[in-house]
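No hydrogens, no waters, no symmetry mates; every other heavy atom, side chains included, goes into these values.
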Amino acid sequence: MNRSPALAVLVLAVFAASAGCTDTGSERTTLMVIPAGSLLAPLEDIEAAFESQHPEIDVRIEGHGSIQAIRQVTDLGREVDVVLVADASLIPDMMYLPMSEGEGNYTDWYVPFAGNEVVVAYTGRSAGADEITAENWYRVLSRPGVRVGFSNPMLDACGYRAIMVTALAEEHYGEPGLFEAVIGGSFNPPITAVRTDGITTIALPERMRPADEKVAVRDGSIYLLSLLDAGGIDYAFEYRSVAEEHGLRWIDLPPPINLGSAEHADDYRRVHVNLGFQRFRSIGSERIGQPIVYAMTVPRNAPHPDEARMFVDFVLDAFREGKAGWPDPVRPDPEAATVYHATD
C-alpha cells in the first residue's frame with residue numbers, strides 16, 4: 001500500500017515529537033523527599049504546586065515513621081534530598097553524627113515549620129462512640145473490651161507520644177492504673193510507668209508485641225487508619241491534622257497532656273520514654289516530652305542540594321499559609337535554618 005508524502009511527513013513528525021517528549025522527561029531532576037507519614041497529604045498538594053512551577057523537577061515522595069525516615073539516610077545509606085520529621089529533636093539526635101571519617105555530619109542544621117497535637121481518633125462504629133467525651137475518654141479506653149491502637153515508638157514519633165500522653169493523663173486526672181489499663185497491661189511483661197522525683201519514666205522493650213487483643217501496634221500512625229475504618233480497633237492515638245484530613249471523629253485532649261502547647265512544655269518534660277532499640281546505631285534512646293514541632297533538613301550527601309533547598313523554601317511558604325487538615329504552621333525567624341546548628 002502506497003503512502004502519500006504528506007502522510008509520511010506526518011508520521012515522522014509524530015515520532016519526532018514523541019522522541020522529544022521522552023528526551024525531555026529523561027532530563028528532569030528527580031528529587032527524593034522522605035517525610036513523616038502525617039505529612040503525606042500536605043506534601044501531595046505541595047508536590048503538585050512545586051512541579052507546576054518547576055517542570056524540570058520530578059518530586060518523589062516516600063512516607064515513613066519519623067525515625068524510619070531518618071534511618072533511610074543514616075542506616076540504610078540511601079541518597080535522599082529532603083527529610084521531614086514530626087519531631088524536630090530527632091534530627092540533631094540522629095543526624096548530627098559523622099557519616100564517616102572526614103566527611104562531616106549527615107547534617108548540621110534543620111528548620112522547624114509546623115506543630116500539632118495528639119488526639120484520640122475514632123469512628124461512629126467504635127465501642128463507646130455514643131458516650132465518649134473529653135471528660136471521660138480515658139475511662140472508655142480503659143475498658144477491657146475497648147481496643148486501642150498506636151504506632152510503633154521504635155519507628156514513629158507518634159508512637160512514643162501516645163505513651164507520653166497516656167502517662168501524663170494518669171497524673172493529670174489523678175487516676176492510678178490508667179496507663180496500665182490503656183496500654184501497659186497489654187504487654188508481657190507489662191510496661192510500667194515509674195515515677196521518681198516528679199519524673200515519670202517508661203522503659204519499652206525492643207519488640208513492641210502486645211500480649212492480648214486490646215492493643216494494636218503498627219509501624220506508622222497512618223497505618224492505623226485502615227484498621228480503625230475496618231473496626232479492627234476502636235480508638236487510635238493520632239495527630240489532630242491526620243484525624244481531620246481523614247474525616248474521623250476525635251477527642252481533643254487537655255493542653256497539659258496533648259503535647260501541643262508551648263505553655264505546657266514544663267508539664268510535658270515530666271515524662272520520659274526509653275526506647276529499647278538496640279538493632280541500629282544510637283537514636284538518642286531517651287525521648288523527653290516536649291511540644292510537637294515538625295522540622296526538615298537537607299542531608300549533606302543529598303544528590304541535588306540546590307533543588308532540595310528550593311523545595312524546603314517552597315514547603316516553608318506553603319505551611320505559612322495554613323490549610324485545613326495540615327499540621328499548624330509555626331512562624332520561625334526567616335533565618336532559622338542558619339540558627340539550628342550542631343555547634344550552637
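Put simply, CG on Asp219 and CD1 on Ile67 are 11.5 Å apart, with the number rounded to the nearest 0.5 Å. Here the straight-line distance linking atom CG of Leu141 with atom OH of Tyr122 works out to 11.0 Å at 0.5 Å rounding. Distance check: Ile288 CD1 to His272 NE2 gives 4.0 Å after rounding to the nearest 0.5 Å.
For the pair Thr123 (side chain) and Arg125 (backbone), a donor-acceptor distance under 3.5 Å is present.
Electrostatic pairing of Asp267 and Arg270 counts as a salt bridge here, judged by a charged N lying under 4.0 Å from a carboxylate O. Salt bridge Asp252/Arg240: present, at least one basic N to carboxylate O contact under 4.0 Å. A salt bridge links Arg300 to Asp108: one of the charged nitrogens lies within less than 4.0 Å of a carboxylate oxygen. Between Asp93 and Arg287 there is a salt bridge, since at least one side-chain N of the basic residue sits less than 4.0 Å from a carboxylate O of the acidic one. Between Glu175 and Arg139 there is a salt bridge, with a side-chain nitrogen of the basic residue lying less than 4.0 Å from a carboxylate oxygen of the acidic one.
Between Trp326 and Phe319, the angle of the ring planes lies from 30° to 60°, which puts this pair in the tilted group. Ring planes of Tyr110 and Tyr96: tilted class, angle from 30 to 60°.
Side chains of Ser66 and Asp87: no donor on one and acceptor on the other come within 3.5 Å.
Around OH of Tyr173, the count of heavy atoms belonging to other residues, nucleotides or ligands within 6.0 Å exceeds 12. More than 12 heavy atoms of other residues, nucleotides or ligands shown are found within 6.0 angstrom of CZ on Arg78.
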| said: If you apply the rule salt bridge (Lys or Arg N to Asp or Glu O under 4.0 Å), what do you find for Glu170 with Arg195, and how did you get there? | reply: CA-CA 11 Å; Glu170 179 169 317; Arg195 290 173 179 80; 3.2 Å; yes
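Both tests do not hold together for Arg143 against Trp137: distance to the six-membered ring centre under 6.0 Å, angle to the ring axis within 45°.
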